[in-house]
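A quick write-up on the structure given underneath.
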Amino acid sequence: MELKKLYELANKEHINVINFKMKNKAIIGFYNNNCAIGLNYSKIHSYTEEKCILAEELGHYYYSAYYTINSNQEFINKQEYRAMKWKSLTCVPLKSILSCFNERNI
């Protein structure tokens, strides 16, 4: 999925994507039942990086893979895994996955 489509998906879900200065590159959160994704554009240096980061944050949304600053590391790792799974399934075309299998004669 292209970056433009990811932004359209966020818009369709009424998720505000905003420029947010912070230590990290991205964050997802809720305020008054409104979801927002903060991207620190000053730390994102390419189209591909922006696409991957936005897709992962949308993965947190679609798989309800949220956690708080007080969550234990095991829970955080599980939630991050879930978000990355959505990112991978969304951003890697099925043809690319199948071609890897075909190349390895699997």
Side-chain angles (χ1 to χ4, degrees):
M1 184 178 295
E2 294 302 317
L3 180 60
K4 180 181 176 187
K5 291 284 186 191
L6 292 171
Y7 278 103
E8 289 172 359
L9 198 55
N11 188 50
K12 178 183 149 236
E13 296 291 343
H14 306 287
I15 302 170
N16 294 315
V17 180
I18 58 172
N19 187 17
F20 190 70
K21 300 286 185 192
M22 64 189 136
K23 181 177 81 171
N24 299 326
K25 292 181 182 181
I27 191 168
I28 187 167
F30 290 88
Y31 183 74
N32 290 339
N33 289 332
N34 294 311
C35 186
I37 293 173
L39 297 179
N40 188 349
Y41 290 108
S42 68
K43 293 189 176 193
I44 299 171
H45 303 294
S46 71
Y47 172 91
T48 302
E49 184 179 20
E50 182 178 350
K51 178 178 152 182
C52 289
I53 290 169
L54 180 57
E56 183 179 338
E57 296 309 311
L58 286 169
H60 284 286
Y61 173 79
Y62 279 109
Y63 284 174
S64 296
Y66 308 114
Y67 56 88
T68 68
I69 196 165
N70 298 322
S71 297
N72 70 53
Q73 193 60 49
E74 182 179 352
F75 183 73
I76 291 170
N77 292 344
K78 286 179 182 179
Q79 300 302 70
E80 287 295 333
Y81 174 82
R82 292 174 70 198
M84 286 188 221
K85 181 179 175 183
W86 189 91
K87 172 182 78 171
S88 298
L89 292 171
T90 302
C91 290
V92 179
L94 182 59
K95 280 195 273 185
S96 296
I97 295 169
L98 294 175
S99 72
C100 290
F101 284 107
N102 291 335
E103 288 175 13
R104 299 185 81 193
N105 296 320
I106 295 176

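Values in this document were obtained by computation on a predicted structure and should not be read as measured data.
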Worked check of salt bridge (charged side-chain N to carboxylate O under 4.0 Å, His left out) between Glu74 and Lys78: CA-CA 6 Å; Glu74 182 179 352; Lys78 286 179 182 179; 3.6 Å; yes
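- Once rounded to the nearest 0.5 Å, the distance linking CD of Glu57 with SG of Cys35 reads 9.5 Å.
- The side-chain heavy atoms of Lys87 and Tyr62, taken from C-beta on, include no pair separated by under 4.5 Å.
- Formation of a donor-acceptor pair under 3.5 Å by the Arg82 side chain with backbone atoms of Tyr63 is found in this model.
- Rounding to the nearest 0.5 angstrom, the gap separating the OH atom in Tyr67 from the CD atom in Glu80 is 3.5 Å.
- One hydrophobic cluster, built from ILVMFWY side chains closer than 4.5 Å, cannot hold both Leu3 and Phe20; they sit in different ones.
- Judged by distance alone, the side chain of Glu56 and the main-chain N or O of Met84 form no donor-acceptor pair under 3.5 Å.
- Tyr47 is not connected to Val92 by any chain of hydrophobic side-chain contacts under 4.5 Å among Ile, Leu, Val, Met, Phe, Trp and Tyr, and they are in different clusters.
- Tyr7 and Ile28 fall within the same hydrophobic cluster, defined by Ile, Leu, Val, Met, Phe, Trp and Tyr side-chain heavy atoms under 4.5 Å apart, directly or through other members.
- Proximity of Tyr61 to Tyr66: side-chain heavy atoms (C-beta onward) are separated by under 4.5 Å at one or more points.
- In this structure, the separation between CG on Asn34 and CG on Asn16 is 7.0 Å, given to the nearest 0.5 Å.
- The backbone N or O of Met1 lies less than 3.5 Å from a partner atom in the side chain of Lys51, making a donor-acceptor pair.
- Of the possible donor and acceptor atoms, one in the side chain of Lys43 sits under 3.5 Å from a partner among the backbone N and O of Lys23.
- Counting heavy atoms from C-beta outward, Lys21 and Asn40 have side chains that approach closer than 4.5 Å.
- With rounding to the nearest 0.5 Å, the separation of CD1 in Ile18 from CD1 in Ile37 is 10.0 Å.
- At least one side-chain heavy atom of Lys4 sits under 4.5 Å from a side-chain heavy atom of Glu8.
- The same ILVMFWY cluster, assembled from side-chain heavy atoms under 4.5 Å apart, contains both Phe30 and Val17.
- Tyr41 is listed as a side-chain neighbour of Glu50, based on a closest heavy-atom distance under 4.5 Å.
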